[in-house]
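Here the structure is laid out as structure tokens; the discussion comes afterwards.
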Amino acid sequence: MQITRIDDYRWRVEAFGRMNVPGIVYTSARMLDQVRQEEALNQVANVAVLPGILKASMAMPDIHWGYGFPIGGVAAFDWESGVVSPGGVGYDINCGVRLASTDLQVEDVRGRMKGLVDALYRNVPSGVGSTGSVKLSPKDQKKVLAQGSQWAVDHGYGTDEDIDHTEDRGCLAHADPEVVSQRALDRGSNQLGTLGSGNHFLEVGVVEEIFHPQAAEIFGLRLGQITVLLHSGSRGLGYQVCDDFLAVMGKHVKTLGIELPDRQLACAYIHSEQGRRYLKAMACAANYAWNNRQILLHRCRETFEEALGISPRALNMRLVYDVCHNIAKKEEHIVDGRPRTVCVHRKGATRAFGPGRSEISADYREIGQPILIPGDMGTASYVLVGTEQAMLETFGSTCHGAGRVLSRKAALRQSKGRSIARELEDQGVLVRWTGRSTLAEEMPEAYKNVSQVVDVVHGAGISRKVARLKPLAVVKG
DNA sequence: ATGTCC
């Protein structure tokens with residue numbers, strides 16, 4: 001594999017073998033060494049072999065090894081001649097992040113964080129297999145899958161503004177519950193309003209620095225403000241949809257005569273029966289995830305009010321934005337100077353639409369889309385804004401987080417004999433968690449430096465820094 | 001990520 005430096009932030013994986021396009025990796029000289037040791041670069045090259053891929057197989061600076069496609073990967077396929085692949089979306093369909101602002105300043109919660117985080121831990125179910133308080137009839141469950149966030153708001157979990165400030169208004173329109181397996185439906189029947197485990201979290205933070213005052217003001221962010229950041233996905237339902245369609249496509253792809261460099265790249269042409277069914281089922285899982293995050297936000301509002309003894313009005317917890325970072329979407333982009341309809345796979349990558357795109361909430365359309373980048377639980381999270389450069393280069397996409405550097409196993413090994421909770425507390429971060437090994441697997445050293453990751457996408461111009469948030473309290477699954 | 005092995 002030959003890798004050529006383009007500039008300070010871009011490296012090209014030269015096309016070889018059956019690659020249709022080159023790979024482009026957004027990174028820095030410093031982080032490239034970490035990437036080189038991984039299988040992830042081979043995965044970037046593998047994706048370039050798939051039929052109908054346009055421009056390049058791209059990777060963001062938080063790239064790491066994933067199922068088939070790398071996490072941090074962006075790949076767009078021609079809508080007419082290209083493929084869709086469950087591995088290009090990931091097991092957690094519409095895993096995503098939402099950020100809420102409040103009218104509280106950090107002084108207002110000083111000395112009250114312990115009570116708050118205990119209440120959040122009590123009220124927001126977390127951990128593998130956790131179940132929530134929202135019970136769905138089979139009929140309601142299908143409505144959730146078809147309607148996404150709207151179902152939650154219609155049932156008292158949130159406001160119309162929440163929907164305005166959610167990517168795709170919290171609903172992919174082509175969702176068809178009839179193509180979702182009974183097993184997936186069963187797994188999702190009692191998990192709405194639950195956090196999940198692994199890297200999913202609920203974080204109370206404070207706005208620590210502002211880089212782009214105009215965008216920060218439009219997004220409703222100011223220094224010293226208390227914020228809530230939620231990271232969760234489609235739980236067991238999305239996992240099952242992915243699993244079901246990997247099996248379908250694994251079989252199907254063998255009939256197509258596409259020679260895959262990796263079986264995990266199982267795919268189908270977008271217009272095939274299998275491709276269309278996957279996209280319909282994926283949309284259902286995406287809608288489930290938006291509904292889930294909407295209910296989680298509602299629980300946060302209730303819990304802040306209860307734990308701090310304040311009114312909804314005094315709290316004024318408003319959704320800044322909700323972004324998904326595991327999805328395949330039909331979008332219009334300019335490719336080689338002409339408009340094309342494409343299927344963009346963002347796997348551990350965030351939409352980063354620049355100013356003017358009609359898909360962005362009217363409140364933000366002039367400045368660009370808010371982008372939410374969670375870091376590790378001890379360091380920081382970032383708010384960015386989408387740019388015209390992202391539209392030109394990356395199909396309007398950017399990074400999604402810090403990205404792992406240690407496997408879960410390696411993190412466990414390195415944390416032996418330490419108290420990660422104590423270490424975090426010493427750094428001013430209160431943590432509550434469910435899983436036995438979650439904190440160790442998720443310790444700050446298991447991740448790349450999020451500031452370095454963000455500096456790459458900012459430096460490359462595919463998004464722009466708006467604000468940095470510092471965690472004060474974290475609930476993990 | 002995941003009822004972390006139907």
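Below, chains carry the letters A, B, ... as their sequence lines are ordered, and counting in each starts from 1.
At whole-Å resolution of the value, CG in A:L195 and P in B:dT2 are 9 Å apart. For the pair A:N292 CG and B:dT2 C1', the computed distance is 14 Å after rounding to whole Å. As rounded to whole Å, 14 Å separates atom P of B:dC5 from atom CD of A:Q240. One interatomic measurement links the two molecules: OH of A:Y91 to P of B:dT4, which rounds to 13 Å at whole-angstrom precision. Look at OH on A:Y288: it is 11 Å from P on B:dT2, rounded to the nearest Å. Per the geometry, CZ belonging to A:R436 stands 14 Å off C1' belonging to B:dT4, to the nearest Å. Whole-Å rounding puts the A:D243 CG to B:dT4 P distance at 12 Å. Per the geometry, NE2 belonging to A:H231 stands 14 Å off C1' belonging to B:dT2, to the nearest Å.
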Taking distance alone, no hydrogens or angles, what donor-acceptor pairs closer than 3.5 Å link side-chain atoms of residues 373-380 of chain A to residues at least two apart or in another chain?
unit_1	atom_1	unit_2	atom_2	d
A:D376	OD1	A:G378	N	2.8
A:D376	OD1	A:T379	N	3.1
A:D376	OD1	A:T379	OG1	2.8
A:D376	OD2	A:T379	OG1	2.6

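Contact annotation: A:S197 side-chain N/O to B:dT4 OP1/OP2 distance is not under 4.0 Å.
Residue A:G236 is classed as a sugar-phosphate contact, given heavy-atom separations below 4.0 Å to backbone atoms only. Across all strands shown, A:G90 has no heavy atoms under 4.0 Å from either base or sugar-phosphate atoms. Within the 4.0 angstrom heavy-atom criterion, no nucleotide atom of any strand lies near A:E441.
In this structure a side-chain-to-backbone donor-acceptor pair under 3.5 Å is missing from A:S415 to A:R418.
Within the structure, the ring pair (Phe, Tyr, Trp, His ring centres under 6.0 Å) test picks out the following pairs touching residues 400-420 of chain A (sequence neighbours left out): A:H325-A:H400.
Counted within 6.0 Å of NZ on A:K254, heavy atoms from surrounding residues, nucleotides or ligands total 12 or fewer; the atom is thus considered open.
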